[in-house]
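To start, the structure itself, in structure tokens.
The figures here come from the full heavy-atom set of this structure, side chains too, leaving out hydrogens, waters and symmetry mates. In what follows, residues are counted from 1 in the order of the sequence shown.
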Amino acid sequence: MKKITSFLALMLLLFFLPMQMIEAHPGRTDANGGHTCRTNCEKWGLQYGQYHYHNGGGSSSGSKSTTSTPAPKKPSTPKAQPQVVLPKKTIVAVDNTNVYSNPSADSTVTATLWYGFELKDTGNLPDFVTLDQGYVSRNLLFTYSSITPKAVKIHAEKGYFFSTASSESIGRGYALKDTLVQVVGESGDWYYGSTKDANGNVLVGFVSKSVAY
């Protein structure tokens with residue numbers, strides 16, 4: 001009689017269990033109603049380690065959530081900076097030059113200009129600069145770019161100065177090492193400025209940037 005009673009109790013228990021519990025594979029569920037498959041996963045149509053729910057929820061293929069990586073931003077094209085046009089200055093490149101009454105060396109001399117004198121051409125002649133006083137041959141002039149005035153130092157034992165931005169032009173003297181030079185212009189690898197020579201005399205001309213910096 002006890003066997004019959006136990007058998008009937010077991011049948012009633014199985015009858016009242018939810019169908020999803022009967023069909024579920026082994027493993028306890030967590031507080032969310034799901035768990036990770038560890039046994040016979042293929043049998044239940046799952047992958048090993050796949051997290052899934054037993055209460056009708058969705059499933060996840062791993063315990064770690066993945067986040068989408070934002071696409072890298074394309075580098076912005078830098079705006080082109082406007083080019084700074086340095087003003088040009090033209091000076092007398094010899095110790096003395098004549099100013100003629102006409103654009104010809106055969107005309108009357110009206111004045112004499114010295115080295116470093118700045119000229120402003122008011123004409124458009126190919127061989128002469130036109131001034132209020134007359135005309136000056138372009139062969140005796142040199143043009144450089146203006147810069148913000150600054151001081152540089154002579155780093156060689158002697159810093160030689162020249163009439164133009166070339167060591168083949170007329171030499172104007174030299175300044176000793178550590179002498180400061182006040183520069184106001186440049187032409188390529190040369191500065192144009194002034195200082196004092198070894199004897200304390202004013203020295204004006206072009207000095208190489210490899211020597212003065």
Side-chain angles (χ1 to χ4, degrees), residues 74-213:
K74 293 183 179 180
S76 58
T77 303
K79 295 182 179 180
Q81 297 295 327
Q83 293 184 349
V84 178
V85 179
L86 298 176
K88 301 285 187 179
K89 290 191 176 182
T90 300
I91 60 171
V92 173
V94 293
D95 286 336
N96 296 286
T97 185
N98 294 327
V99 180
Y100 297 99
S101 57
N102 293 300
S104 170
D106 295 330
S107 61
T108 304
V109 175
T110 61
T112 301
L113 304 179
W114 56 91
Y115 179 83
F117 185 92
E118 182 182 343
L119 300 86
K120 293 183 178 180
D121 191 359
T122 59
N124 56 358
L125 299 176
D127 298 325
F128 284 84
V129 168
T130 303
L131 307 176
D132 293 339
Q133 304 96 321
Y135 303 87
V136 178
S137 173
R138 292 185 184 275
N139 294 332
L140 305 177
L141 309 177
F142 189 79
T143 301
Y144 65 87
S145 299
S146 298
I147 62 172
T148 302
K150 64 179 180 178
V152 296
K153 183 184 290 187
I154 301 296
H155 286 266
E157 292 300 322
K158 294 180 179 180
Y160 288 92
F161 285 68
F162 296 89
S163 299
T164 67
S166 171
S167 57
E168 296 180 357
S169 62
I170 299 173
R172 302 195 55 80
Y174 64 87
L176 298 177
K177 186 176 182 179
D178 294 331
T179 301
L180 291 179
V181 182
Q182 300 297 322
V183 296
V184 295
E186 64 182 6
S187 178
D189 296 330
W190 296 76
Y191 280 129
Y192 175 72
S194 63
T195 187
K196 290 186 176 181
D197 62 14
N199 298 319
N201 300 315
V202 175
L203 179 61
V204 180
F206 291 85
V207 60
S208 174
K209 292 180 180 180
S210 64
V211 173
Y213 51 90

Closest non-hydrogen atoms of Ser187 and Thr143, given as atom of the first, atom of the second and distance, are OG-O, 4.5 Å
Heavy-atom closest pair (Ser169 atom, Phe162 atom, distance to 0.1 Å) is OG-CB, 3.3 Å
Would you say [X] and [Y] make side-chain contact, with heavy atoms under 4.5 Å?
X	Y	value
Arg138	Asp127	no
Leu125	Tyr135	yes
Ser163	Tyr115	yes
Ile154	Tyr174	no
Leu141	Val92	yes
Glu186	Tyr144	no
Leu113	Leu119	yes

Distance (rounded to the nearest 0.5 Å) between [X] [atom1] and [Y] [atom2]:
X	Y	atom1	atom2	result
Thr130	Asp121	OG1	CG	5.0 Å
Thr110	Asp132	OG1	CG	10.5 Å
Phe128	Asn102	CZ	CG	9.5 Å
Leu140	Asn96	CG	CG	10.5 Å
Lys158	Leu176	NZ	CG	7.5 Å
His155	Asp178	NE2	CG	7.5 Å

Flag, side chain of [X] to backbone of [Y], donor-acceptor distance under 3.5 Å:
X	Y	result
Tyr160	Gly171	no
Lys196	Thr179	no
Thr195	Leu180	yes

List the steps, then state whether side-chain contact (heavy atoms from CB on, under 4.5 Å) holds for Tyr191 with Val152. CA-CA 9 Å; Tyr191 280 129; Val152 296; 4.0 Å; yes
Kindly check if the number of other-residue, nucleotide or ligand heavy atoms within 6.0 Å of [atom1] ([X]) is above 12?
X	atom1	answer
Glu168	CD	no
Lys150	NZ	no
Asp189	CG	no

Classify the ring geometry of Phe117 against Trp114: parallel below 30°, tilted from 30° to 60°, perpendicular beyond 60°. perpendicular
Pick one: which of Leu203, Asp197, Val204 meets side chain to side chain contact (heavy atoms under 4.5 Å, CB included) with Phe161? Leu203
Decide side chain to side chain donor-acceptor pair (under 3.5 Å) for Lys88 and Ser146; before the verdict, give the C-alpha distance in whole Å, the side-chain angles of both, and the deciding distance to 0.1 Å. CA-CA 6 Å; Lys88 301 285 187 179; Ser146 298; over 6 Å; no
Consider only side-chain N and O atoms of Ser210 and Ser208, and report whether a donor and an acceptor are under 3.5 Å apart. yes
Would you check, one step at a time, whether the test ring-ring contact (aromatic ring centres under 6.0 Å, His included) holds for Phe142 with Phe206? CA-CA 11 Å; Phe142 189 79; Phe206 291 85; 5.2 Å; yes
